[in-house]
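Just below is one structure, and these are the notes that go with it.
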There are 2 protein chains.
Amino acid sequence: MAVPKKKVTLSDVAAVAGVSLSTASKALNGGGRISVATRQRIEATALRLDFRPNGLAQSLALGRSRTVAVLTDRAESTFSRPVIIGAATYLGQHEQAVLLYDARLRRRDDMAESIRALNARRIDGVLVVGEGLHHRTRSVTAEFSVPVTYAFTLSDEPDDVSFVPDNVAIGRMAGEHLLALGRRRIAHVTAEADDLAAQLRVQGLREALAAAGLTLAHEVLHGSWTEAWGRTAAQRILAEDWQVDAVVGGNDHIARGVENVLAAAGVRIPQDVALVGVDNWEGLIINQTERHLTTIDVGLIGMGEAAAAHLLGGEQTPGVHYQAPTLIVGETTG
Amino acid sequence: MAVPKKKVTLSDVAAVAGVSLSTASKALNGGGRISVATRQRIEATALRLDFRPNGLAQSLALGRSRTVAVLTDRAESTFSRPVIIGAATYLGQHEQAVLLYDARLRRRDDMAESIRALNARRIDGVLVVGEGLHHRTRSVTAEFSVPVTYAFTLSDEPDDVSFVPDNVAIGRMAGEHLLALGRRRIAHVTAEADDLAAQLRVQGLREALAAAGLTLAHEVLHGSWTEAWGRTAAQRILAEDWQVDAVVGGNDHIARGVENVLAAAGVRIPQDVALVGVDNWEGLIINQTERHLTTIDVGLIGMGEAAAAHLLGGEQTPGVHYQAPTLIVGETTG
DNA sequence: CTGAAAGCGCTTACAG
DNA sequence: CTGAAAGCGCTTACAG
């Protein structure tokens with residue numbers, strides 16, 4: 001039952017404890033010099049009266065709203081979502097609300113208006129969440145007097161702070177995992193040759209192989225991020241008889257497509273060919289105990305958390321922060 | 001460049017316009033009786049000085065924080081995510097921030113503390129986001145003096161407001177789509193018999209068939225929400241030669257499993273057997289122009305939006321609100 | 001129609 | 001160590 005008891009204010013606490021408002025405030029906030037006895041008396045009184053400071057009054061007095069703005073191009077997109085959720089979860093744990101402005105980054109006018117609205121709200125920080133590394137986001141850092149952090153995108157201003165996936169580490173991780181399993185003839189099927197994420201993953205994979213004195217079993221198969229391309233590529237691998245003992249898919253869709261075709265052709269997975277994907281979309285979809293594909297989780301949720309943590313952390317460390325990926329072993333590398 | 005110009009206050013506007021603070025306030029908020037001339041002069045002045053009211057001061061004076069609390073069990077779970085994002089997007093469009101309290105619903109103590117914290121912040125409303133219909137959420141409505149809405153879960157208090165998927169409509173939609181394509185021998189593969197969502201989808205499917213004077217081609221195959229179960233079920237359909245011309249999968253995973261086995265056995269999809277799933281996880285994963293599986297989108301994002309809209313709407317309509325699903329036609333019913 | 005005043009509850013120099 | 005006062009900027013009865 002919602003007992004409609006009158007809100008207890010700091011003045012009430014002060015009156016009951018027999019001190020002034022300012023003394024009560026100091027006692028509860030730990031500022032200034034106060035005798036131990038007085039402090040304890042006030043604290044006990046506050047506790048007894050079930051006092052909670054009015055957050056809005058504190059906000060006004062301190063000029064901090066305990067709200068962070070999250071600016072996105074398209075909040076509903078698959079890859080932004082975990083980033084936003086990660087950030088919002090972390091912020092909520094720290095009593096910070098999120099004001100989500102979606103799709104206002106695009107039009108200049110909307111953005112100018114948004115900036116004014118956010119400043120009027122006295123937001124404590126700004127998190128710009130992008131959708132990958134295809135293009136740089138125009139920096140809005142200078143428009144705010146509070147810290148601005150970029151997640152899952154890079155701004156066009158080098159001194160800005162951004163958090164992005166570590167695509168090189170992803171490629172390296174896939175390679176090292178397969179090498180550790182004894183695989184030596186590794187193929188790679190991935191997206192367009194001009195896709196930056198794809199390029200960096202290729203680079204990481206090559207590094208891992210090079211460290212073992214190896215190279216890829218064949219030149220990289222560039223196509224698109226789709227399952228259909230995975231199937232097409234697998235047909236070519238079979239037709240040209242590359243004799244591979246492992247395939248790294250640039251993402252899970254590709255890996256799935258590769259698997260379907262190989263399996264249909266009688267190739268045993270993982271005995272004959274081991275398979276690794278990227279994205280952890282099985283985990284993205286549903287938390288199955290049944291895990292099939294070995295994959296590498298890019299760490300989008302963790303990236304959102306890290307960006308939020310940095311934003312709240314105070315001192316801004318300029319530059320790019322790379323999110324460490326996680327290997328998730330499934331049946332396809334057994 | 002962040003021009004550090006002094007913030008313009010309402011007092012400044014009043015002074016420049018040559019009126020009192022209260023008159024200026026009334027003019028800009030449209031309250032009370034004011035001469036047209038005065039109002040226009042004040043509005044012009046506000047515009048000229050680029051005045052924006054301090055949101056925190058407004059909040060304190062009005063007792064509204066423009067913040068909604070979102071309470072979840074596990075914000076990072078696949079199905080809560082779109083609901084939360086939908087809600088946050090809608091709320092952001094209406095200048096409402098979201099304070100996400102994750103996983104505090106479970107322990108009584110945490111919850112009590114959270115309620116006190118939220119009341120102290122003078123939140124404007126509460127959105128409880130669940131993870132489906134397996135179990136009812138303990139009602140927290142009475143703990144707050146602001147409106148409380150439940151999304152993707154039902155509370156244990158009948159007069160509460162909740163928004164849930166329309167599983168019956170989902171089943172019906174699948175059936176009607178297949179009937180419209182001329183299919184007559186339809187099988188259904190779904191999760192455990194005691195799964196509520198599965199039951200309701202079965203019911204809807206049966207209703208659609210009954211309306212056409214038909215019944216299912218075979219008793220429902222109950223198993224689990226997994227691809228593996230879809231494969232197993234499909235093997236049985238083949239082994240027992242059910243002669244179906246369509247299969248409805250309880251979700252997309254099941255449908256995929258069914259498809260793999262049927263296709264491997266030489267069944268042409270959709271010519272021989274049409275296939276429908278539920279969840280739209282291809283869309284969930286990545287926005288492919290390439291769409292393969294025909295599926296039914298449960299509408300989680302829309303449900304989050306609707307719940308948020310209702311929460312802001314003022315008058316609360318008690319009871320259960322059902323979210324309409326959307327049919328997304330792909331190649332498997334091509 | 002307009003304005004002086006109180007109120008929303010806190011925090012924080014500044015005196016004492 | 002403690003308190004009176006100003007300040008954070010608004011809104012809103014209430015007089016005039």
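Just so it is clear: chains get the letters A, B, ... in the order the sequence lines come, proteins before strands, and each one is counted from 1.
For the 3.5 Å distance criterion, the side chains of B/Ser139 and B/Asp156 fail to qualify, holding no donor opposite an acceptor.
Nearest-nucleotide assignment on DNA chain C puts the 5′-proximal partner with B/Gly18, out of B/Gly18 and A/Pro53. Along DNA chain C, the nucleotide closest to B/Thr38 and the one closest to B/Leu60 are compared, and the more 5′ of them pairs with B/Thr38.
Per the geometry, CZ belonging to B/Arg122 stands 11 Å off P belonging to C/dC8, to the nearest Å. Rounded to an integer number of Å, the gap from B/Asp12 CG to D/dG9 P is 10 Å. Put simply, CD on B/Gln58 is 17 Å from C1' on C/dG9, counting in whole angstrom units. Atom-to-atom, NZ of B/Lys26 to P of C/dG3 comes out at 9 Å; the value is rounded to the nearest Å. In this structure, the CG atom of B/Leu62 is 12 Å from the P atom of C/dG9, given to the nearest Å. In this entry the distance linking CD1 of A/Ile34 with P of C/dT11 reads 12 Å, nearest Å. Remark: C1' of D/dA13 and CG of B/Leu21 are 14 Å apart, rounded to the nearest angstrom. Rounded to an integer number of Å, the gap from CZ of A/Arg121 to P of D/dC10 is 15 Å.
Side-chain N/O atoms of A/Ser59 include none lying less than 4.0 angstrom from OP1 or OP2 on C/dC10. Within the 4.0 Å cut-off from OP1 or OP2 of D/dC8, not a single side-chain nitrogen or oxygen of B/Asn54 is found. For D/dT11, the OP1/OP2 oxygens have a side-chain nitrogen or oxygen of B/Ser25 closer than 4.0 Å.
Judged by distance alone, the side chain of B/Gln96 and the main-chain N or O of B/Thr67 form a donor-acceptor pair under 3.5 Å. Without hydrogens or angle criteria, A/Gln323 side chain to A/Val164 main chain gives no donor-acceptor distance under 3.5 Å. Proximity of a side-chain donor or acceptor of A/Arg66 to a complementary backbone N or O of A/Ser59 within less than 3.5 Å is not detected. Side chain of A/Thr72 to main chain of A/Val129: no donor-acceptor pair is present (N/O by atom type, distance under 3.5 Å, no hydrogens or angles).
Note on B/Arg52: only backbone sugar-phosphate atoms sit closer than 4.0 angstrom, heavy atoms only; bases stay farther off. Among the protein residues, A/Thr23 comes within range of the nucleic acid bases, having at least one heavy atom under 4.0 Å from a base atom. Nucleic acid contact for A/Ser22: base, since at least one base atom lies under 4.0 Å from a heavy atom of the residue.
Considering only the side chain of B/Ser20, C/dG3 comes nearest among D/dC10, C/dG3, D/dT2. Considering only side-chain atoms of A/Val19, the nucleotide from D/dG3, C/dG9, C/dC1 that sits closest is D/dG3.
Across all strands shown, the partner of D/dA15 is C/dT2, judged by Watson-Crick or G-U wobble contacts whose two distances both fall under 3.5 Å.
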